[in-house]
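Please read the structure below before turning to the comments.
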Amino acid sequence: MADAPAIDVDALAGAVRSGDRRALARAITLVESTREDHRAQAAELVEALLPFTGGAVRAGISGAPGAGKSTFIEALGVHVGDAGHRVAVLAVDPSSTRTGGSILGDKTRMEMLSRRPDAFIRPSPTGGTLGGVARRTREAMLLCEAAGFDVVFVETVGVGQSEVAVAAMVDIFVLLLAPGAGDELQGVKRGIVELADLVVVNKADGDFEAAARHTAADYANALHLMRAQGGWTPRVLLASALTGLGVDGVWDAIEEHQQLVLASGERDRRRAGQARDWMWSEVTETLLERLRRDRGVAALIAPLERDVEAGKISPAAAAQRLLSTLAEG
Ligand code: GDP
């Protein structure tokens, strides 16, 4: 985007609102940009579109690599599209932060869904901290809503912190599992199971079917011990992205959850809390960005790290030095 001409934010906002997918893609590129002038324009764009956001069912879908997320989200997306909805799929992929290349984005994924005019698929933003990636995905979600998408799936890999970030931006969190393997084998941490409003055991077909039933029963037992939240009791469903079995049931459950939390006021309370937390993570991320960019701070980092390692200065005192350098600069 470095050589892109100046952006007409009003025109872009109008084009996004008209549901133009290319405009939406451009708008998301703008919010993903880390350039200072782009950040200002992105903030202006999101602000202008804010009154037109909030209209989507926001669902997070997580699962270990190989659980079938891609295949399942495509099947679910097609089902939901056939039911008359407009579906957007976004991703939060922490590996894209570490390597600069995105696992979720590199594959040719969801080809069938991506060909549909009523669907929009966007890979994870790359680079920066997980917090930065999550922040840009949240903004992308708002832009999708302003563009008239009424279902947003946010996909993430079920291996760590990214689930917490995704759960903090959605109304319902779905954990997708493959049959057979236990939590540990699938790299799914117990805390992630606790985030789940819905556990879907995928691949309930052919040779996997019996194992899928077994896994579903195990998780049903585990979830049984967890407290129901906002009137919703987490549940376990069987599905096959390959045969389509149970895909409609997963969507029915998501809709049922949405109706329940809407009627109880829980959804609005949750979104309000998320917005407040979001403000504070904006503050944290922006401060961290400034800290990383500050020349005075940069010059101090290596010597201070050495002194901290050698025990010549306490970590707290070193942190104070960095922060006061930033404040002065
Ligand atoms: P992801 O890494 O979680 O996105 O998983 P993918 O969607 O790429 O799927 C991983 C593998 O599992 C692929 O070979 C899929 O064809 C296969 N797969 C996905 N869903 C199903 C299913 O419902 N049944 C069976 N038998 N295989 C599936």
Side-chain angles (χ1 to χ4, degrees), residues 59-82 87-99 101-116 119-126 133 137 152-163 165-167 170 173-189 192-193 195-196 198-217 219 236-254:
I61 302 186
S62 161
K69 289 179 298 301
S70 224
T71 320
F72 182 79
I73 291 172
E74 169 148 65
L76 184 63
V78 167
H79 173 76
V80 171
D82 285 346
V87 181
V89 181
L90 307 172
V92 170
D93 177 1
S95 66
S96 68
T97 299
R98 283 197 293 270
T99 64
S102 164
I103 291 175
L104 294 178
D106 286 349
K107 286 189 270 177
T108 308
R109 306 165 72 247
M110 305 182 205
E111 256 179 273
M112 224 168 22
L113 189 60
S114 63
R115 278 202 297 271
R116 290 177 71 114
F120 178 81
I121 299 174
R122 180 86 178 187
S124 178
T126 56
V133 170
T137 305
V152 178
F153 294 126
V154 185
E155 175 184 3
T156 194
V157 183
V159 287
Q161 278 306 101
S162 61
E163 279 66 32
V166 170
V170 296
F173 190 76
V174 181
L175 176 63
L176 195 73
L177 297 172
D183 306 2
E184 301 302 320
L185 278 176
Q186 295 202 28
V188 176
K189 306 241 164 48
I192 295 168
V193 178
L195 288 175
L198 209 56
V199 172
V200 177
V201 182
N202 187 34
K203 307 194 187 184
D205 52 50
D207 292 346
F208 295 120
E209 201 185 327
R213 288 188 188 285
H214 214 85
T215 306
Y219 276 88
V236 184
L237 298 174
L238 283 172
S240 165
L242 214 59
T243 67
L245 169 120
V247 170
D248 54 348
V250 172
W251 176 241
D252 290 349
I254 292 173

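We count ligands from 1, going down the list as the structure has it; atoms in each ligand are counted the same way.
- The atoms of ligand 1 that sit less than 4.0 Å from any heavy atom of Phe208 are 26 (N).
- Atom numbering of ligand 1 starts at 1 in the shown order; those under 4.0 Å from a heavy atom of Lys69 are 1 (P), 2 (O), 3 (O), 4 (O), 5 (O), 7 (O).
- Closest approach of Ala253 and Leu237 over heavy atoms only: CB-CD1, 3.9 Å.
- Donor-acceptor pairing under 3.5 Å is lacking for the side chains of Ser124 and Asp93.
- At a heavy-atom distance under 4.0 Å, no atom of Phe72 approaches ligand 1.
- There is a side-chain donor-acceptor pair under 3.5 Å between Ser162 and Thr156.
- A distance of 14.5 Å separates NE2 in His214 from CD in Glu209, rounded to the nearest 0.5 Å.
- Heavy-atom contacts of Leu242 reach the following atoms of ligand 1: 22 (C), 23 (O), 24 (N), 25 (C), 26 (N) (cutoff under 4.0 Å).
- Closest approach of Lys203 and Phe208 over heavy atoms only: O-CB, 2.9 Å.
- Each of the atoms 23 (O) of ligand 1 lies under 4.0 Å from some heavy atom of Ser240.
- Residue Ala67 places a heavy atom under 4.0 Å from ligand 1.
- By the side-chain contact (heavy atoms from CB on, under 4.5 Å) test, Thr71 is found to be paired with Ala241, residues two or more places apart in sequence or in another chain being considered.
- The contact set between ligand 1 and Ala241, taken as ligand atoms under 4.0 Å from a residue heavy atom, comprises 20 (N), 22 (C), 23 (O).
- Of all the atoms in ligand 1, the ones that sit under 4.0 Å from a non-hydrogen atom of Pro65 are 2 (O).
- Expressed to the nearest 0.5 Å, how far CG of Leu198 lies from CD1 of Ile254 amounts to 6.5 Å.
- Numbered from 1 in the order shown, with element, the atoms of ligand 1 that lie under 4.0 Å from a heavy atom of Asp205 read 22 (C), 23 (O), 24 (N), 25 (C), 26 (N).
- Annotation for Ala178 and Thr215: closest pair O-CG2, 4.3 Å, computed over non-hydrogen atoms.
- With a 4.0 Å heavy-atom cut-off, ligand 1 is reached by the backbone of Ala64 but not by any atom from C-beta on.
- Contacts with ligand 1 closer than 4.0 Å are made by side-chain heavy atoms of Asn202 only, the backbone lying farther away.
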